Amino acid sequence: MNSNLEERLAPPRPLFDEAQLSARVKALARQISDRLPAGTVHVVGVLRGAFVFMADLVRALPRDTRCDFLAVRSYGAATETSGIVEITHDLSLPITGQHVLLVEDIVDTGLTLRHLLQLFAMRGPASLHTCTLLNKPSRRRVNVPVDFVGFEVPDHFVVGYGLDFDQRYRNLPYIGVIETAQA
Ligand code: IMP
Ligand code: MG
């Protein structure tokens, strides 16, 4: 029996349940398919947070796709980004001449997305669009274009459906709020 204090804490308070996530992801996929130029969509997920969302998104996307990932680490405390973004695993496929869709779990300060957009733009994609499951506009520190947004969220720390707190909760099938962690 596990007697860790952590394991006895209340589960995250539900914000979006599985049915809401599924319906919204399908609607987003249709919108993306309608708006992106004809041709193969080169989908790039930002690890690790985007892996669950991206898996559902590409399966709902009625387009020819290529899928790739990159991994980033931003220096800072557990729930606060510093704005210094390190690429810990770069793309495996070239994006030059591709219609790129960059997929994020959440855009908070916007610093990560801005950094990635600058990096990608230098590699000469045919087009570059951004999609995030969650958007926290109240926390934005830099102006960054987000073309497709699943849900706007208030200034709470959210977990589940790929998003973590200290690497936990990524496997929750819903999005919930951690009451104690300060975002
Ligand atoms: P940024 O502040 O927009 O650069 O966001 C950086 C990253 O911080 C996101 O991609 C997430 O991985 C993480 N993050 C920001 N807010 C939350 C949250 O509420 N829950 C979980 N992760 C978050
Ligand atoms: Mg992330």
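What you are looking at is a predicted structure, and each value in this text was computed from that prediction instead of being measured. First listed ligand is number 1; within each ligand, the first listed atom is number 1.
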key: Output field: ring centroids Phe151/Phe16 closer than 6.0 Å   = yes
request  = Any atoms of ligand 1 less than 4.0 Å from a non-hydrogen atom of Glu104? List them with their elements.
outcome  = 10 (O)
ask   = Any heavy atom of Arg114 sitting closer than 4.0 Å to ligand 1?
value = no
task = Give a yes/no on ligand 1: does Val159 have at least one heavy atom closer than 4.0 angstrom to it?
result = no
query = Under 4.0 angstrom from ligand 1, any heavy atom of Asp164?
reply = yes
request  = Considering only NZ, NE, NH1 and NH2 on the basic side and carboxylate oxygens on the acidic side, decide whether Asp105 and Lys136 come within less than 4.0 Å.
outcome  = no
key: Sub-4.0 Å heavy-atom approach of His156 to ligand 1   = yes
message = Heavy atom to atom 15 (C) of ligand 1, shortest distance: which of Asp108, Val144, Leu47, Ile175 holds it?
response = Asp108
key: Distance flag, aromatic centroids of Phe165 and Phe157, threshold under 6.0 Å   = yes
task = Decide yes or no for His42 and Leu93: does some side-chain heavy atom of the first lie under 4.5 Å from some side-chain heavy atom of the second?
result = yes
query = Do Phe53 and Leu28 come within less than 4.5 Å of each other through their side chains, counting heavy atoms only?
reply = yes
Residue pair Val158 / Leu134, side-chain heavy-atom distance below 4.5 Å = yes
inquiry  = With the threshold set at under 4.0 angstrom, would you say Leu113 reaches ligand 1 through any of its heavy atoms?
reply    = no
note = The answer for which part of Leu163 has a heavy atom under 4.0 Å from ligand 1 is side chain
inquiry  = So for ligand 1, is Val158 a polar contact partner (N or O within less than 3.5 Å, distance only)?
reply    = yes
remark   = Quick note on ligand 1: atoms under 4.0 Å from a heavy atom of Thr109 include exactly 1 (P), 2 (O), 3 (O), 4 (O)
query = Is the closest side-chain heavy-atom distance between Leu57 and Val103 below 4.5 Å?
reply = yes
query = ligand 1 and Gly110, any nitrogen or oxygen pair closer than 3.5 angstrom?
reply = yes
message = So Leu102 and Cys131, do their side chains get closer than 4.5 Å, heavy atoms only?
response = no
message = Suppose I only count heavy atoms of Thr112 and a 4.0 Å limit; which atoms of ligand 1 are within that range?
response = 1 (P), 4 (O), 5 (O), 6 (C)
